[in-house]
Amino acid sequence: MFNAERYPFVSSDATSGEASFRPHLPLTLIYQQKSVETSGLLDTGASVNVLPYPVGIELGYEWERQTTALSLTGNLAQYEARVVLVQAIVGQFDPVKLVFAWTQATNLPIILGQVNFFMEFDVCFYRSQLLFDIKPKSYQS
């Protein structure tokens, strides 16, 4: 991919070997005057981006002030979620606005899904090499 940045897959459990490697993308999330340096799991099977409750609190969101509710599915269906808009910086690329389902769940990674992470970025996975490339949609090859 032309103008892409390359990242390694990251091991989530050293005892599991190569099977534990996941595509975690380092990024900075910004809301108002607060920022959090973190990583998000690239999940092509996730419909939406998901923000864990503690990260939303760290960014300065107040649960009661977020009035747009969203229903999650699968393992997260039992948790309430609210829609929040976050500015994200990925690598050396220009900041983008990402929409997240901010959930009350606490024991999960940030999930980057189809709406709207994969609408903003093109990603190419090289799983056998434990690498992935990423570039904003506006870049032309």
Side-chain angles (χ1 to χ4, degrees), residues 1-16 18-141:
M1 261 201 248
F2 185 69
N3 289 329
E5 291 186 2
R6 180 162 284 182
Y7 295 91
F9 278 52
V10 178
S11 177
S12 58
D13 177 10
T15 63
S16 297
E18 192 172 306
S20 71
F21 283 84
R22 303 282 183 263
H24 281 269
L25 178 68
L27 70 158
T28 302
L29 300 178
I30 303 166
Y31 174 69
Q32 295 180 346
Q33 302 301 320
K34 296 185 179 181
S35 67
V36 174
E37 290 188 27
T38 186
S39 69
L41 174 65
L42 300 178
D43 186 348
T44 60
S47 297
V48 297
N49 300 325
V50 180
L51 188 68
Y53 189 77
V55 179
I57 294 297
E58 191 174 350
L59 284 168
Y61 286 105
E62 296 176 40
W63 186 261
E64 298 76 24
R65 297 188 89 170
Q66 308 311 312
T67 58
T68 305
L70 178 72
S71 296
L72 296 174
T73 60
N75 295 338
L76 298 175
Q78 63 185 318
Y79 298 102
E80 283 188 59
R82 307 283 169 88
V83 175
V84 294
L85 186 63
V86 180
Q87 188 171 28
I89 299 173
V90 174
Q92 300 300 312
F93 303 127
D94 291 336
V96 296
K97 293 200 183 301
L98 295 179
V99 178
F100 280 90
W102 181 30
T103 176
Q104 289 189 318
T106 58
N107 193 19
L108 73 151
I110 292 170
I111 298 171
L112 301 171
Q114 294 296 325
V115 178
N116 68 323
F117 183 82
F118 286 100
M119 296 166 80
E120 295 294 330
F121 291 94
D122 292 325
V123 180
C124 187
F125 296 97
Y126 305 100
R127 178 63 173 94
S128 65
Q129 300 172 46
L130 299 176
L131 298 169
F132 63 94
D133 289 347
I134 183 169
K135 69 175 184 173
K137 69 177 179 181
S138 61
Y139 282 35
Q140 299 296 318
S141 301

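What you see below is based on every heavy atom in this structure, not just the backbone, and it leaves out hydrogens, waters and symmetry mates. Note that the numbering runs from 1 along the sequence shown for the chain.
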Return all side-chain donor-acceptor pairs below 3.5 angstrom for residues 68-81, not counting sequence neighbours, or 'none' if the list is empty.
from  : atom 1 : to    : atom 2 : distance (Å)
Glu80 : OE1    : Arg82 : NH2    : 3.1

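- Take Ile57 and apply the side chain to side chain contact (heavy atoms under 4.5 Å, CB included) test, not counting sequence neighbours, and it matches Tyr53, Trp102.
- Within the 4.5 Å cutoff, the side chain of Trp63 has heavy atoms near those of the Gln104 side chain.
- The side chain to side chain contact (heavy atoms under 4.5 Å, CB included) check on Pro54 picks up Pro52, Thr106, with sequence neighbours excluded.
- Minimum heavy-atom separation, Glu120 to Lys97: CG-O, 4.5 Å.
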Contacts under 3.5 angstrom, residues 22-44 side chains, donor-acceptor by atom type, not counting sequence neighbours:
from  : atom 1 : to    : atom 2 : distance (Å)
Arg22 : NH1    : Ala19 : O      : 2.8
Asp43 : OD1    : Gly45 : N      : 2.9
Asp43 : OD1    : Ala46 : N      : 3.3

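- The minimum heavy-atom distance linking Ile110 with Phe100 is given by the pair CG2-CE2, 3.8 Å.
- The distance from the OG atom of Ser128 to the CZ atom of Phe9 is 9.0 Å, given to the nearest 0.5 Å.
- The minimum heavy-atom distance linking Gln66 with Val84 is given by the pair OE1-CG1, 3.7 Å.
- A distance-only check finds no donor-acceptor pair linking the side chain of Asp122 to the backbone of Ala4 [under 3.5 Å].
- The shortest distance between side-chain heavy atoms of Val99 and Val48 does not fall below 4.5 Å.
- Rounding to the nearest 0.5 Å places CG of Leu131 at 12.0 Å from CZ of Phe125.
- Of all heavy-atom pairs spanning Met119 and Lys137, the tightest one is O-CD, 3.2 Å.
- In this structure Glu58 satisfies the salt bridge (Lys or Arg N to Asp or Glu O under 4.0 Å) test with no other residue, sequence neighbours excluded.
- In this structure Tyr7 satisfies the side-chain hydrogen bond (donor to acceptor under 3.5 Å, both in side chains) test together with Glu5, sequence neighbours excluded.
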(request) Kindly indicate, with the supporting measurements, whether the criterion side-chain contact (heavy atoms from CB on, under 4.5 Å) is fulfilled by Leu108 and Thr103. (result) CA-CA 10 Å; Leu108 73 151; Thr103 176; 4.2 Å; yes

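- Residues Val96 and Phe121 form a side-chain contact, since some pair of their non-hydrogen atoms from C-beta on lies under 4.5 Å apart.
- Scanning all heavy atoms of the two residues, the minimum distance from Phe117 to Leu112 falls at CG-CB, 3.7 Å.
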